Visitor: 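Pasting a structure here, questions to come.
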Amino acid sequence: MDIRKILIVEDDSTIRSGLKYCLEYEQFEVREAALKSDIKNIDDIDLILLDVNLPDCSGFDLFKDLKKMKNIPIIFMTANDLEVNIVMGLDMGADDYITKPFKTRELIARVKSNIRRYTKLGNLIENDNIIIDGLEINDKTKEVMVDGEK
């Protein structure tokens, strides 16, 4: 199994570095962005942790742009715990929404849960292969394997 890559989009460097440390301890590869302009490419990213309140844009607007680029799980993280914002984020299609301050172990469990769900549904592709339990589909060669047999 490949190492999963997480992008943290958070302007608070203390929160960002703390999350990076904890996620790397859990064997994730972590990339960081403090601003929208710091995000160059998400092609190999498996999940995004996205702050709602960024200095150069709204996290809600950035969410829409990111989802157009790639269908991956995005978890909103914010100090804004108003019900209307939580509902808006989830209605937009966010995979989860967690309010600050949060428990790090809970956030990591949510990260793992979302990656597991996307992987089982075939939305995360490993080396051009879509893998769902015993079914493996090679997107490039269009070959299908069931329990290791073509």
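Each residue takes its place number in the sequence, starting with 1. Fair warning: this is a prediction, and the values are worked out from it, not measured in the lab. Because only heavy atoms are used, hydrogens play no part in the values below, and waters and symmetry mates are left out as well, while side chains stay in.
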Visitor: Backbone N or O of A109 within a donor-acceptor pair of the S113 side chain at under 3.5 Å?
Guide: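 Judged by distance alone, no pair lies under 3.5 Å.
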Visitor: Just by distance, no angles: are the side chains of Y118 and D95 close enough, under 3.5 Å, to form a donor-acceptor pair?
Guide: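 Present: a donor and an acceptor within the cut-off.
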Visitor: Using side chain to side chain contact (heavy atoms under 4.5 Å, CB included) as the criterion, list what pairs up with K150, not counting sequence neighbours.
Guide: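 Partners of K150 under the side chain to side chain contact (heavy atoms under 4.5 Å, CB included) test: E143, M145.
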Visitor: Of all residues at least two apart in sequence or in a different chain, which pass the salt bridge (charged side-chain N to carboxylate O under 4.0 Å, His left out) check with D12?
Guide: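 Partners of D12 under the salt bridge (charged side-chain N to carboxylate O under 4.0 Å, His left out) test: none.
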Visitor: Taking only residues two or more places apart in sequence, or in another chain, which ones meet F63 in a ring pair (Phe, Tyr, Trp, His ring centres under 6.0 Å)?
Guide: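 In terms of ring pair (Phe, Tyr, Trp, His ring centres under 6.0 Å), with neighbours along the sequence ignored, F63 is linked to F76.
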Visitor: Begin with the C-alpha distance, continue with both residues' side-chain angles, and end with the deciding distance and a verdict on side-chain contact (heavy atoms from CB on, under 4.5 Å) for D51 and V9.
Guide: CA-CA 6 Å; D51 187 8; V9 184; 5.9 Å; no
Visitor: Quick check: do F60 and M92 have side-chain heavy atoms less than 4.5 Å from each other?
Guide: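 Result yes, sub-4.5 Å side-chain heavy-atom pair found.
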Visitor: Who passes salt bridge (charged side-chain N to carboxylate O under 4.0 Å, His left out) against K20, sequence neighbours left out?
Guide: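 In terms of salt bridge (charged side-chain N to carboxylate O under 4.0 Å, His left out), with neighbours along the sequence ignored, K20 is linked to E24.
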Visitor: Do you know the tightest heavy-atom contact between I45 and I48?
Guide: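 Residues I45 and I48, closest heavy atoms: CG2-CG1, 3.9 Å.
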Visitor: Partners of K142 by salt bridge (charged side-chain N to carboxylate O under 4.0 Å, His left out), sequence neighbours excluded?
Guide: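 Checked K142 against salt bridge (charged side-chain N to carboxylate O under 4.0 Å, His left out); matches are D139.
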Visitor: Minimum heavy-atom separation for A34 and L54, please, with both atom names.
Guide: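 Taking every non-hydrogen atom into account, O-CD2, 3.9 Å.
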Visitor: Which atom pairs, one a donor and one an acceptor, fall under 3.5 Å between side chains of residues 80-91 and the rest of the protein, sequence neighbours left out?
Guide:
residue	atom	partner	partner atom	Å
N80	OD1	L82	N	3.2
N80	OD1	N85	ND2	2.9

Visitor: How far apart are the closest heavy atoms of R117 and N114, and which atoms are they?
Guide: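 The pair with the smallest heavy-atom distance is NH2-OD1, 2.7 Å.
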Visitor: Hydrophobic cluster membership, with links at side-chain heavy-atom distances under 4.5 Å among I/L/V/M/F/W/Y: are L7 and M69 in one?
Guide: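 Result: yes, single cluster for both.
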Visitor: When you measure from the side chain of K70 to the backbone of D46, do you find a donor-acceptor pair of N or O atoms at a distance under 3.5 Å?
Guide: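 Checking the backbone N and O of D46 against the side chain of K70, no donor-acceptor pair under 3.5 Å is found.
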Visitor: Applying side chain to side chain contact (heavy atoms under 4.5 Å, CB included), name anything that partners T104, two or more places apart in sequence or on another chain.
Guide: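 Expected list: C22, I108.
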Visitor: According to side-chain hydrogen bond (donor to acceptor under 3.5 Å, both in side chains), who are the partners of K64, at least two apart in sequence or on a separate chain?
Guide: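 Per chain and number, K64 pairs via side-chain hydrogen bond (donor to acceptor under 3.5 Å, both in side chains) with no residue.
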Visitor: Do K67 and I74 pass the side-chain contact (heavy atoms from CB on, under 4.5 Å) test, and can you show the C-alpha distance, the side-chain angles, and the key distance before you say yes or no?
Guide: CA-CA 8 Å; K67 277 295 194 177; I74 298 177; 4.1 Å; yes
Visitor: Supply the atom-to-atom distance K112 NZ to L47 CG, rounded to the nearest 0.5 angstrom.
Guide: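 The distance works out to 13.0 Å.
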Visitor: Just checking E149: does its CD atom have more than 12 heavy atoms from other residues, nucleotides or ligands closer to it than 6.0 angstrom?
Guide: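 Open: at most 12 neighbouring heavy atoms sit under 6.0 Å from CD of E149.
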Visitor: For I8 and V30: C-alpha separation, side-chain torsions, deciding distance, then whether side-chain contact (heavy atoms from CB on, under 4.5 Å) applies.
Guide: CA-CA 7 Å; I8 302 170; V30 179; 3.5 Å; yes
Visitor: By side chain to side chain contact (heavy atoms under 4.5 Å, CB included), which residues pair with F102, not counting sequence neighbours?
Guide: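 For F102, the residues satisfying side chain to side chain contact (heavy atoms under 4.5 Å, CB included) (neighbours in sequence not counted) are L19, M77, I98, K100, L107.
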Visitor: What residues, two or more places apart in sequence or in another chain, satisfy salt bridge (charged side-chain N to carboxylate O under 4.0 Å, His left out) together with R16?
Guide: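 Once residues adjacent in sequence are excluded, the partners of R16 under the salt bridge (charged side-chain N to carboxylate O under 4.0 Å, His left out) criterion are E32.
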Visitor: Could you go step by step and tell me if D44 and R31 meet the salt bridge (charged side-chain N to carboxylate O under 4.0 Å, His left out) rule?
Guide: CA-CA 11 Å; D44 65 339; R31 304 226 179 104; 2.8 Å; yes
Visitor: Starting from the C-alpha separation in whole Å, work towards a yes-or-no answer on salt bridge (charged side-chain N to carboxylate O under 4.0 Å, His left out) for D65 and K36.
Guide: CA-CA 10 Å; D65 295 340; K36 176 183 180 178; 3.1 Å; yes
Visitor: Show your reasoning for whether side-chain contact (heavy atoms from CB on, under 4.5 Å) applies to L50 and T78.
Guide: CA-CA 8 Å; L50 177 59; T78 183; over 6 Å; no
Visitor: Sequence neighbours left out, what passes side-chain hydrogen bond (donor to acceptor under 3.5 Å, both in side chains) with D11? Give chain and number order.
Guide: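 Applying side-chain hydrogen bond (donor to acceptor under 3.5 Å, both in side chains) to D11 gives none.
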Visitor: Please list, chain by chain and in numerical order, all residues satisfying side chain to side chain contact (heavy atoms under 4.5 Å, CB included) with L35, sequence neighbours excluded.
Guide: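 Here the qualifying residues are S37, D38, P55, D56.
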Visitor: Is the closest side-chain heavy-atom distance between L23 and L49 below 4.5 Å?
Guide: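 Yes; the side chains approach each other to less than 4.5 Å.
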